[in-house]
Participant: 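Have a look at this one before I ask anything.
These numbers were taken from a predicted model, which means no experiment stands behind them.
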Amino acid sequence: MSRKVNKIVKLITGLLIMVPLLCQLFTFEKFSAVLTSAGIPSSLSLPIAILLVIAELMSLPFLIDMDISKKAILVSRVSGFLSLGIMTVISFLAFVNGYWAVIFGATIKNVNNVTAIFLVFMMWILLICANLSTKKTAK
């Protein structure tokens, strides 16, 4: 994959992660209650909501190609996988319990679970492609 394509994939992935992040932050006070109604235990809903938002936010430096240290880029890459892992588990629990999609928090309600699972699946594919190394070609 060329550098230009890799940057475009990173940008699209970053935008797709920012949409749920912004939705979750707009109604963060209701986000833990939405997670609880989707099947997550009430004692874990607030820590999971906080962890998810922080992981999504920390994944953005890698995805928008910020010029930072290699250790910070590594943390950002891992945060991207962590945030999508949490979103996958949350979407699966909401699907199993027959609840609407909860990855958008309480901001966007009544989103079909199949749509949310498809979105998370597409984000997984894009994140894996964004983490593939680029070949440097000599000119």
Side-chain angles (χ1 to χ4, degrees):
M1 181 180 330
S2 70
R3 282 189 174 278
K4 186 176 182 179
V5 172
N6 193 299
K7 285 187 179 200
I8 292 170
V9 168
K10 283 182 183 180
L11 182 63
I12 292 170
T13 309
L15 290 173
L16 286 177
I17 286 180
M18 281 178 49
V19 170
L21 173 65
L22 290 174
C23 290
Q24 293 160 5
L25 287 175
F26 281 139
T27 55
F28 189 76
E29 67 277 357
K30 298 176 186 175
F31 188 40
S32 63
V34 169
L35 291 177
T36 302
S37 63
I40 294 177
S42 60
S43 60
L44 293 177
S45 63
L46 185 60
I48 287 175
I50 292 170
L51 180 65
L52 177 60
V53 168
I54 290 173
E56 287 171 339
L57 188 62
M58 287 179 62
S59 70
L60 292 178
F62 167 69
L63 295 172
I64 60 173
D65 263 345
M66 288 180 67
D67 189 22
I68 53 178
S69 71
K70 291 192 184 282
K71 288 182 182 178
I73 290 292
L74 179 64
V75 168
S76 182
R77 282 181 169 189
V78 170
S79 296
F81 286 104
L82 177 66
S83 68
L84 282 183
I86 294 171
M87 279 197 265
T88 303
V89 170
I90 289 171
S91 297
F92 177 73
L93 284 174
F95 178 73
V96 168
N97 291 323
Y99 196 72
W100 296 100
V102 295
I103 62 169
F104 299 108
T107 305
I108 302 176
K109 296 180 181 178
N110 301 336
V111 175
N112 190 350
N113 270 323
V114 176
T115 305
I117 290 172
F118 178 74
L119 177 67
V120 171
F121 179 70
M122 292 306 298
M123 285 193 289
W124 270 112
I125 292 172
L126 288 170
L127 185 65
I128 290 169
C129 289
N131 278 283
L132 295 176
S133 61
T134 59
K135 294 182 180 179
K136 295 182 181 178
T137 57
K139 292 186 178 182

Participant: Is there a donor-acceptor pair under 3.5 Å between the side chain of Asn113 and the backbone N or O of Gly98?
Facilitator: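 Such a contact is absent between Asn113 side chain and Gly98 backbone.
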Participant: Indicate yes or no for a side-chain donor-acceptor contact from Glu56 to the backbone of Met18 under 3.5 Å, with no hydrogens or angles considered.
Facilitator: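 Absent.
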Participant: Would you say Val53 and Ile103 are hydrophobically clustered, going by side-chain heavy atoms of ILVMFWY under 4.5 Å?
Facilitator: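 Cluster IDs for Val53 and Ile103 match.
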Participant: Looking at Ile40, Leu44, Leu46, Ile48, which one forms a side-chain contact (heavy atoms from CB on, under 4.5 Å) with Ser32?
Facilitator: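 Result for side-chain contact (heavy atoms from CB on, under 4.5 Å) with Ser32: Leu46.
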Participant: Keeping the roles fixed (side chain from Asn97, backbone from Tyr99), state whether a donor-acceptor pair exists under 3.5 Å.
Facilitator: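 No: the side chain of Asn97 does not pair with the backbone of Tyr99.
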Participant: Would a hydrophobic clustering, with Ile, Leu, Val, Met, Phe, Trp and Tyr connected at side-chain separations under 4.5 Å, put Ile12 with Leu84?
Facilitator: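 Same cluster: Ile12 reaches Leu84 through Ile, Leu, Val, Met, Phe, Trp or Tyr contacts under 4.5 Å.
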Participant: Assess whether atom CZ of Phe92 is packed by more than 12 heavy atoms of other residues, nucleotides or ligands within 6.0 Å.
Facilitator: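 At most 12 heavy atoms, drawn from other residues, nucleotides or ligands, come within 6.0 Å of this atom.
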Participant: Quick check for you: to the nearest 0.5 Å, what is the distance between Asp65 atom CG and Arg3 atom CZ?
Facilitator: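 Interatomic distance, Asp65 CG to Arg3 CZ, rounded to 0.5 Å: 8.5 Å.
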Participant: Write down the atom of Ala101, the atom of Asn112, and the distance for their closest heavy-atom approach.
Facilitator: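 The pair with the smallest heavy-atom distance is CB-O, 4.0 Å.
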Participant: Tell me the closest heavy-atom pair linking Ser42 and Thr36, and the distance in Å.
Facilitator: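 Closest approach of Ser42 to Thr36, heavy atoms only: CA-OG1, 3.8 Å.
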Participant: Output, in order, the C-alpha distance, side-chain angles, deciding distance and verdict of side-chain hydrogen bond (donor to acceptor under 3.5 Å, both in side chains) for Thr27 and Thr107.
Facilitator: CA-CA 6 Å; Thr27 55; Thr107 305; 3.0 Å; yes
Participant: What is the minimum heavy-atom distance between Phe31 and Ala49, and which atoms define it?
Facilitator: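 Where Phe31 meets Ala49 most closely, the heavy atoms are CD2-CB, 3.4 Å.
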Participant: Step through the shown structure and confirm whether more than 12 heavy atoms of other residues, nucleotides or ligands are within 6.0 Å of CZ on Phe26.
Facilitator: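 Count not over threshold, so no.
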Participant: In terms of hydrophobic clusters joined by side-chain contacts under 4.5 Å, are Leu22 and Ile90 together?
Facilitator: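 Hydrophobic grouping puts Leu22 apart from Ile90.
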Participant: Testing the basics here: between Ile68 and Pro61, what is the closest heavy-atom pair and its distance to 0.1 Å?
Facilitator: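 Closest approach of Ile68 to Pro61: CD1-CB, 3.7 Å.
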Participant: Which of these, Ile128, Leu63, Ile8, Ile64, sits in a side-chain contact (heavy atoms from CB on, under 4.5 Å) with Thr13?
Facilitator: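 Of Ile128, Leu63, Ile8, Ile64, side-chain contact (heavy atoms from CB on, under 4.5 Å) with Thr13 is met by Leu63 alone.
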Participant: Determine, using the 4.5 Å side-chain heavy-atom cutoff (strictly less than), whether Val102 and Leu82 are members of one ILVMFWY cluster.
Facilitator: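 Yes, because Val102 and Leu82 connect within a single hydrophobic cluster, where side-chain heavy atoms sit under 4.5 Å apart.
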Participant: To the nearest 0.5 Å, what is the distance between CD1 (Ile54) and CG (Leu21)?
Facilitator: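 Going from CD1 on Ile54 over to CG on Leu21, the span is 11.0 Å.
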Participant: Closest heavy-atom contact between Asn6 and Leu132?
Facilitator: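 That would be ND2-O, 3.1 Å.
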Participant: Nearest 0.5 angstrom please: Leu93 CG to Leu35 CG, how far?
Facilitator: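 Answer rounded to 0.5 Å: 9.5 Å.
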Participant: Do you know the tightest heavy-atom contact between Ser91 and Ile117?
Facilitator: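 Shortest heavy-atom separation between Ser91 and Ile117 comes out as CB-CG1, 4.0 Å.
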Participant: Applying side-chain contact (heavy atoms from CB on, under 4.5 Å) to Trp100 and Val111, what does each step give before you reach the verdict?
Facilitator: CA-CA 6 Å; Trp100 296 100; Val111 175; 5.7 Å; no
Participant: Taking the side chain from Ser76 and the backbone from Ala72, do they hold a donor-acceptor pair closer than 3.5 Å?
Facilitator: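 A pair under 3.5 Å: no.
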Participant: To the nearest 0.5 angstrom, please state how far the CE atom of Met58 sits from the CG atom of Leu51.
Facilitator: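 One gets 10.0 Å once the value is rounded to the nearest 0.5 Å.
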Participant: Nearest 0.5 Å please: distance from the CZ atom of Arg77 over to the CG atom of Asn131.
Facilitator: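 Arg77 atom CZ to Asn131 atom CG measures 5.0 Å (nearest 0.5 Å).
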Participant: Check for me, please, whether Ile86 and Leu25 land in the same ILVMFWY cluster - side-chain distances under 4.5 Å, paths through other members count.
Facilitator: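 Same cluster: Ile86 reaches Leu25 through Ile, Leu, Val, Met, Phe, Trp or Tyr contacts under 4.5 Å.
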Participant: More than 12 foreign heavy atoms under 6.0 Å from CZ of Phe104: is that the case here?
Facilitator: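 Yes, because the 6.0 Å sphere around CZ of Phe104 holds more than 12 heavy atoms from other groups.
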Participant: First locate atom OG of Ser59, then atom CG of Leu57, and finally report the distance between them rounded to the nearest 0.5 Å.
Facilitator: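 Reported to 0.5 Å precision, the distance equals 7.5 Å.
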